[in-house]
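What follows is a single structure, written as structure tokens, with notes after it.
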Number of protein chains: 2
Amino acid sequence: MPDPALRFDELISALKERNFRLTPQRVELVRLIAISEGHPSAAQLYAAVRSRFPTMSQATVYKTLALLKDLDQVLEIDLRDDSHYDGNRPGPHPHLICMQCNKIVDGDLELDLSSLRKLEETSGYQIVRPQITFYGLCSDCKQSR
Amino acid sequence: MPDPALRFDELISALKERNFRLTPQRVELVRLIAISEGHPSAAQLYAAVRSRFPTMSQATVYKTLALLKDLDQVLEIDLRDDSHYDGNRPGPHPHLICMQCNKIVDGDLELDLSSLRKLEETSGYQIVRPQITFYGLCSDCKQSR
DNA sequence: CTAACTGCAAAAACTTTGCACTTTT
DNA sequence: AAAAGTGCAAAGTTTTTGCAGTTAG
């Protein structure tokens, strides 16, 4: 994962570049995303921002996350129940999700670009965003069975 | 895709085997799944069953789909807004989804089992259900741009 | 006959939206 | 000052749940 301070600056720059305003709420959310090592949900980010900005609303969290998604600075991982966000590796990469405890970790799997290309040819689709999710059991939950 | 009639029998057998009851509503839903070439949503299936069984409820659709999922006879494709179901290829396989018109097609991409195995080793996860979704633009929507 | 299933309506949960107020630039 | 952002509450969705009544086996 990148240096949180650098990542923070990147995110702030991305907002400044396009003339989005740097409100305190927004900066705090960006800070949390930059230092997050996991894959927080909107609700978790909301709770965290709230501890410093008690007036923060969920609506603002969602709006800001949508903004950062549009800027390709944050990757949305949409699960059945809610969405989680990856602010450290915005590019597409696989995720492993524990079906029991819901823990999410990044998967280090290379996308085979040549077969992607082939898939585009045979399907006629232009692939924009691959989303690869492996549901399974994490090492902890495997054992407790 | 398999012969709809055969697929229908398979599905019915799977239910009979485990002593689930063959109610008319259930049989009709199974019939629709067996003949479906696409990837219908719960709402679409509900509407379709309803044309023959006007009393059919959404709850029953969801309950039956959950049942067929448990029996590994139907694959759930969960998208942001709703879930779609693949009753012809229950095993995991990739899907291509058009971001503009929402058309879903099956992707003919082999899962590289050896790299899956490697991923299990490095992550400690036991992978149960891979879900690979490629968001992009279908050939029609590509052109209309 | 009875365990399983259906169907209705209400509940749940996440996310979006409208709008008045506030704040950044 | 003007445009953008915030926050509240309400609305919108899909899916789940409880339960009384019905039905397949």
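Note that the structure is predicted; figures quoted are calculated from it, not measured. Order of the sequence lines fixes the chain letters, A, B, ..., with proteins taken first and strands second; residue numbering starts at 1 for each chain. Heavy atoms only: backbone and side chains are in, while hydrogens, waters and symmetry mates are out.
When the side-chain nitrogen and oxygen atoms of A:T60 are compared with OP1 and OP2 of D:dG5, none of them lie within a distance under 4.0 Å. Residue B:T55 has a polar side-chain atom (N or O) positioned under 4.0 Å from OP1 or OP2 of C:dG7. The side chain of B:Y62 contributes an N or O atom lying less than 4.0 Å from OP1 or OP2 of D:dT15. Of the side-chain N and O atoms in A:R80, none sit less than 4.0 angstrom from OP1 or OP2 of C:dC14. At the phosphate of D:dT15, OP1 or OP2 sits under 4.0 Å from a side-chain N or O atom of B:S83. Contact annotation: B:S57 side-chain N/O to C:dC8 OP1/OP2 distance is not under 4.0 Å.
Distance CG (A:L67) to P (D:dG5): 7 Å, rounded to an integer number of Å. Distance CZ (A:R18) to P (D:dA4): 14 Å, rounded to an integer number of Å. Look at CG on A:D78: it is 13 Å from P on D:dT15, rounded to the nearest Å. Rounding to whole angstrom units, CG of residue A:L29 and P of D:dG7 are separated by 11 Å. Atom CZ in A:R21 sits about 12 Å away from atom P in C:dT23, given to the nearest Å. Nucleotide D:dG7 holds its P atom 12 Å from the CD atom of A:E28, rounded to whole Å. Put simply, CG on A:D70 is 16 Å from C1' on D:dG5, counting in whole angstrom units. One interatomic measurement links the two molecules: CD of B:Q58 to P of C:dC8, which rounds to 11 Å at whole-angstrom precision.
The CZ atom of B:R52 sits 13.0 Å away from the CD atom of B:Q25 when rounded to the nearest 0.5 Å. Atom OG of residue B:S41 and atom CG of residue B:L79 lie 9.5 Å apart, to the nearest 0.5 angstrom. The line from CD1 of B:I77 to CD1 of B:I97 is 6.5 Å long, rounded to the nearest 0.5 Å.
When all heavy atoms of B:P94 and B:F134 are compared, the pair lying nearest together is CB-CE1, 3.8 Å. Nearest heavy atom pair, residue A:G91 against residue A:L75, reads O-CD2, 3.8 Å.
Taking for each of B:T64 and A:K69 the nucleotide of DNA chain C with the nearest heavy atom, the 5'-most of the two is the partner of B:T64. Place A:R50 and B:A42 on DNA chain D by their nearest nucleotides, and A:R50 ends up nearer the 5' end. Along DNA chain D, the nucleotide nearest to A:N19 and the one nearest to B:A43 differ in position, and the one closer to the 5' end is contacted by A:N19.
Side chain B:K63 to base C:dG7: a donor-acceptor pair is found below 3.5 Å.
Of the candidate nucleotides D:dG25, D:dT6, C:dT6, C:dT6 has the atom nearest to the side chain of B:Q25. With D:dT6, C:dT25, C:dC14 as the candidates, the nucleotide lying closest to the side chain of A:L22 is C:dT25. Here D:dG7 is the nucleotide among C:dT15, D:dG7, C:dT6 with the atom lying nearest to any side-chain atom of A:A59. Picking from D:dT15, D:dG5, D:dA24 the nucleotide with the shortest atom distance to the side chain of A:F20 gives D:dG5. Minimum atom distance to the side chain of A:P24 is reached by C:dT24, of the listed C:dG7, D:dC8, C:dT24.
As judged by a 4.0 angstrom heavy-atom cut-off over every strand, B:D81 is placed among residues touching the sugar-phosphate backbone only.
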Assess the residue pair B:D82 and B:H84 against the criterion (side chain to side chain contact (heavy atoms under 4.5 Å, CB included)); give the C-alpha distance rounded to whole Å, side-chain angles, the decisive distance to 0.1 Å, and a yes or no. CA-CA 7 Å; B:D82 58 7; B:H84 287 244; 3.3 Å; yes
